[in-house]
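Order of listing sets the numbers, starting from 1, for every ligand and every atom in it. As the structure is a computational prediction, the values presented were derived from the model and not from experiment. Here, residue 1 is the first one in the sequence, and each next residue gets the next number.
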Amino acid sequence: MKKELTISAIKDGTVIDHIPSNATFKVADILDLKGIKSMVSVATNLPSKQIGKKGIVKIEGKYLTQEEVNKIAIAAPQATVNIIENYDVKKKLKVSIPNQISRVIKCSNPNCITNVEKIETRFSVLDKNPLKIRCHYCERDMNKEDIEIV
Ligand code: CTP
Ligand code: ZN
């Protein structure tokens, strides 16, 4: 008997693979899967040759927007997004952190105008690894530890 957990292949949709284990549920959160009606599999702490332990999220019938891909890049920079069509991997995208980030992240400065008024956040990316960003409005610099994805 093969003692191995296999997660079903999907027919059409998206597979996010190579998620660092500790970011698996963050990725699920980002995609706001709570009300979804199609099949979703979330697995974490799977063995991975590349990154030790990994997470996978499979979503039948869903294709990601650029904004969702950008958010995933912030939580899981080494993730791979696979677009599945009729059981085949049609496209394999490496996520990448953009040079500018709009929305997605909350400014950590409570006095920043984006936390006081209804203004969308905007950051320039100073460093991608480790992630370091600067608020366009209050110029506060934020590191990975300060970054809250919304
Ligand atoms: N997958 C799936 N359903 C399909 C096809 C693929 O769930 N119909 C999943 C696979 O289980 C894998 C991911 O999509 O987790 C990417 O598939 P594939 O490129 O075939 O796997 P690998 O070659 O292992 O990917 P990589 O090179 O990115 O490690
Ligand atoms: Zn700010």
Side-chain angles (χ1 to χ4, degrees), residues 2-28 30-31 33 36-64 68-127 130-150:
K2 193 170 148 218
K3 288 187 182 145
E4 194 178 289
L5 178 75
T6 50
I7 309 150
S8 303
I10 63 171
K11 181 171 184 288
D12 297 287
T14 302
V15 173
I16 303 139
D17 197 358
H18 306 124
I19 304 169
S21 274
N22 61 4
T24 309
F25 294 100
K26 188 84 220 172
V27 169
I30 287 168
L31 299 175
L33 301 173
I36 202 164
K37 296 285 187 288
S38 59
M39 268 200 290
V40 176
S41 311
V42 178
T44 190
N45 296 323
L46 304 172
S48 160
K49 286 190 190 85
Q50 285 181 37
I51 59 172
K53 280 183 170 185
K54 70 171 184 180
I56 292 191
V57 176
K58 298 189 181 191
I59 314 149
E60 188 74 54
K62 181 175 170 85
Y63 300 92
L64 305 186
E68 287 171 323
V69 173
N70 292 351
K71 287 188 191 183
I72 291 170
I74 295 159
Q78 54 276 81
T80 310
V81 175
N82 299 277
I83 315 290
I84 313 293
E85 279 178 33
N86 203 18
Y87 290 104
D88 286 337
V89 178
K90 263 278 158 282
K91 255 200 238 162
K92 199 179 276 286
L93 315 169
K94 264 258 154 212
V95 304
S96 79
I97 295 169
N99 296 323
Q100 300 277 331
I101 301 172
S102 302
R103 301 183 289 274
V104 181
I105 296 172
K106 183 174 154 52
C107 182
S108 64
N109 173 5
N111 298 319
C112 178
I113 188 149
T114 61
N115 286 317
V116 178
E117 290 181 24
K118 226 176 166 285
I119 294 175
E120 285 179 350
T121 59
R122 216 168 116 192
F123 301 90
S124 44
V125 174
L126 306 177
D127 209 320
L131 187 59
K132 189 172 178 189
I133 61 176
R134 177 171 294 160
C135 178
H136 170 77
Y137 293 99
C138 72
E139 300 196 316
R140 173 173 291 204
D141 286 355
M142 293 161 62
N143 303 318
K144 196 151 181 24
E145 307 80 70
D146 314 318
I147 291 173
E148 188 190 334
I149 301 169
V150 289

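Not one N or O on the side chain of Lys106 forms a donor-acceptor pair closer than 3.5 Å with the backbone of Val150. Checked by atom type and distance alone, the side chain of Arg140 never pairs as donor or acceptor with a backbone atom of Cys107 at under 3.5 Å. Proximity of a side-chain donor or acceptor of Thr121 to a complementary backbone N or O of Ile105 within less than 3.5 Å is detected.
Of the protein's heavy atoms, Lys58 NZ, 3.5 Å lies nearest to atom 11 (O) of ligand 1. Atom 14 (O) of ligand 1 has its closest protein heavy atom at Val15 CG1, 3.5 Å. For atom 25 (O) of ligand 1, the closest heavy atom belonging to the protein is Lys92 NZ, 3.1 Å. Given atom 15 (O) of ligand 1, the protein heavy atom at minimum distance is Asp17 OD2, 3.2 Å.
At a 3.5 angstrom cut-off on N or O pairs, Ile10 counts as close to ligand 1. On a distance-only criterion, His18 and ligand 1 share at least one N/O pair closer than 3.5 Å.
Close approach to Ala9 involves these atoms of ligand 1, each under 4.0 Å from a residue heavy atom: 2 (C), 3 (N), 4 (C), 7 (O), 8 (N).
The Zn ion (ligand 2) is the vertex of the angle joining SG of Cys135 and SG of Cys138, which measures 110° to the nearest 10°.
Summarising the contacts of atom 20 (O) of ligand 1 with Ile59, Val89, Thr14, the nearest heavy atom is found in Val89.
Of the heavy atoms in Ile7, none comes closer than 4.0 Å to ligand 1.
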